[in-house]
Amino acid sequence: MSIRKTFKFVAPAAILSTMPVIAQAAENLQSDDFVGISFWLISMALVASTAFFFLETQRVAAKWKTSLVVSGLVTLVAAVHYFYMRDVWIATGDTPTVYRYIDWLITVPLLMIEFYLVLRAITNVSGGVFWRLTIGTLVMLIGGYMGEAGYMNVTLGFVIGMVGWAYILYEIFAGEAGKVAANDAPASVQSAYSTMRWIVTIGWAIYPLGYFFGYMAGGADMASLNIIYNLADVLNKIAFGVIIWNVAVAESEAK
Ligand SMILES: *C/C=C(C)/C=C/C=C(C)/C=C/C1=C(C)CCCC1(C)C
């Protein structure tokens, strides 16, 4: 048989052979498993948001396109992690912590870059803003991971993580980024910037609270904790992207 003919038979067989695996995940989802359902809903919302952000790059001025691409990358990376987390939860009922941290390690620096990109679209900002936000992010996540995974005392990991987060908050409120936004940004960008930093303050607080109740205050109910994390991601990833999309459209049409 020629290679082409062989391929004709092998390809459909290979695709069919994966079907039971795909179907199995759906089969195992029970209609009263609200955590599993929330994983499903949010993974689909993340897929839809990705398509939306990427397609809308067509609509905005050139200098805003990168911000929308980065928003789409955040929801894309999160969507793929949600597929895995959903399966782990449905199959085992376990909390897929390691997937969350890998997701955070990629998406949180991308979210931080958004502050830099939004300011750069309107004025000159130094690369220092970018680096300080990246360093704050790494300290926050590596501290949290070491504590959560048992490489470090749980409380020490938490404290290091909090220091990283505090550094980020300082930069966006009172540091160079905050000053640039207050002095040089047009009204629409100022209001978007201000909503973005309140998301980083209040929306992000959910994760250290989860850590605190889950590991330091005697353990939390994992089902509730996962639902809370999942809802937090809707705010911190999808809504955050929508705010940027909104200001990008407004600023593109104003010119
Ligand atoms: C899309 C995912 C996001 C925005 C995840 C954010 C995660 C955090 C803000 C985690 C923060 C933590 C601390 C501030 C203290 C130590 C433990 C962490 C890592 C949970």
Side-chain angles (χ1 to χ4, degrees), residues 38-39 41-43 45-47 49-50 53 70-86 95-116 118 132-173 195-217 219-220 222 224-244:
S38 79
F39 272 117
L41 276 173
I42 291 157
S43 45
L46 287 164
V47 169
S49 310
T50 305
F53 292 135
V70 172
S71 292
L73 290 177
V74 167
T75 51
L76 175 66
V77 169
V80 176
H81 284 96
Y82 265 80
F83 298 154
Y84 283 98
M85 295 198 287
R86 186 184 71 193
T95 312
T97 307
V98 65
Y99 293 108
R100 287 216 191 264
Y101 271 92
I102 297 171
D103 171 80
W104 294 353
L105 205 53
I106 302 170
T107 57
V108 177
L110 288 173
L111 292 168
M112 287 286 95
I113 288 173
E114 292 283 30
F115 280 94
Y116 173 73
V118 162
R132 285 192 294 275
L133 291 174
T134 305
I135 289 166
T137 306
L138 289 178
V139 170
M140 178 179 90
L141 295 179
I142 291 171
Y145 181 72
M146 304 270 276
E148 199 154 335
Y151 294 113
M152 191 188 266
N153 173 280
V154 174
T155 312
L156 181 62
F158 183 76
V159 170
I160 294 176
M162 292 300 277
V163 169
W165 183 37
Y167 187 57
I168 293 171
L169 291 174
Y170 171 79
E171 176 64 32
I172 58 180
F173 277 92
T195 314
M196 284 163 67
R197 66 184 177 193
W198 282 112
I199 288 183
V200 171
T201 314
I202 294 170
W204 284 25
I206 293 166
Y207 308 97
L209 283 172
Y211 183 107
F212 180 79
F213 287 112
Y215 296 93
M216 295 161 72
M222 283 306 158
S224 330
L225 199 58
N226 272 296
I227 291 201
I228 292 171
Y229 277 159
N230 290 357
L231 292 175
D233 282 350
V234 173
L235 173 69
N236 298 326
K237 294 188 165 76
I238 300 179
F240 192 85
V242 169
I243 290 161
I244 294 165

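Order of listing sets the numbers, starting from 1, for every ligand and every atom in it. One is the number of the first residue; the rest follow in order along the sequence.
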Contact atoms of ligand 1, heavy-atom distance to L111 under 4.0 Å: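 Checking each atom against L111, I get 4 (C).
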
Is there a side-chain contact between [X] and [Y], using heavy atoms and a 4.5 Å cut-off?
| X | Y | result |
| --- | --- | --- |
| F240 | V74 | no |
| L76 | F53 | no |
| Y167 | M140 | no |

For atom 16 (C) of ligand 1, closest protein heavy-atom neighbour: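 Closest protein heavy atom to atom 16 (C) of ligand 1: G161 CA, 3.8 Å.
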
Atom 2 (C) of ligand 1: nearest protein contact (heavy atom, Å):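 Nearest protein contact, heavy atoms only, for atom 2 (C) of ligand 1 is K237 NZ, 2.5 Å.
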
Which bit of [X] gets closer than 4.0 Å to ligand 1, counting heavy atoms only: side chain, backbone, both or neither?
| X | answer |
| --- | --- |
| D233 | side chain |
| V108 | side chain |
| E148 | neither |

I42 versus L231, closest heavy-atom pair with distance: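 Scanning both residues, the minimum pair turns out to be CD1-N, 4.3 Å.
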
Whether F240 lies under 4.0 Å from ligand 1, heavy atom: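 Flag not set, F240 not near ligand 1.
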
From [options] - option closest to [atom] by heavy atom:
| atom | options | result |
| --- | --- | --- |
| atom 18 (C) of ligand 1 | Y145, Y215, W165, Y101 | Y101 |
| atom 12 (C) of ligand 1 | P208, G144, A166 | P208 |
| atom 5 (C) of ligand 1 | F158, Y207, F212, W204 | Y207 |

Flag if over 12 foreign heavy atoms under 6.0 Å of OH, Y101: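 For Y101, atom OH is crowded (more than 12 foreign heavy atoms under 6.0 Å).
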
Mutual orientation of the aromatic rings belonging to Y229 and W104 [parallel < 30°, tilted 30-60°, perpendicular > 60°]: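 Correct class here is perpendicular.
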
Residue pair N226 / R100, side-chain donor-acceptor N/O under 3.5 Å: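 Looking only at side-chain atoms, R100 and N226 do form a donor-acceptor pair, the distance falling under 3.5 Å.
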
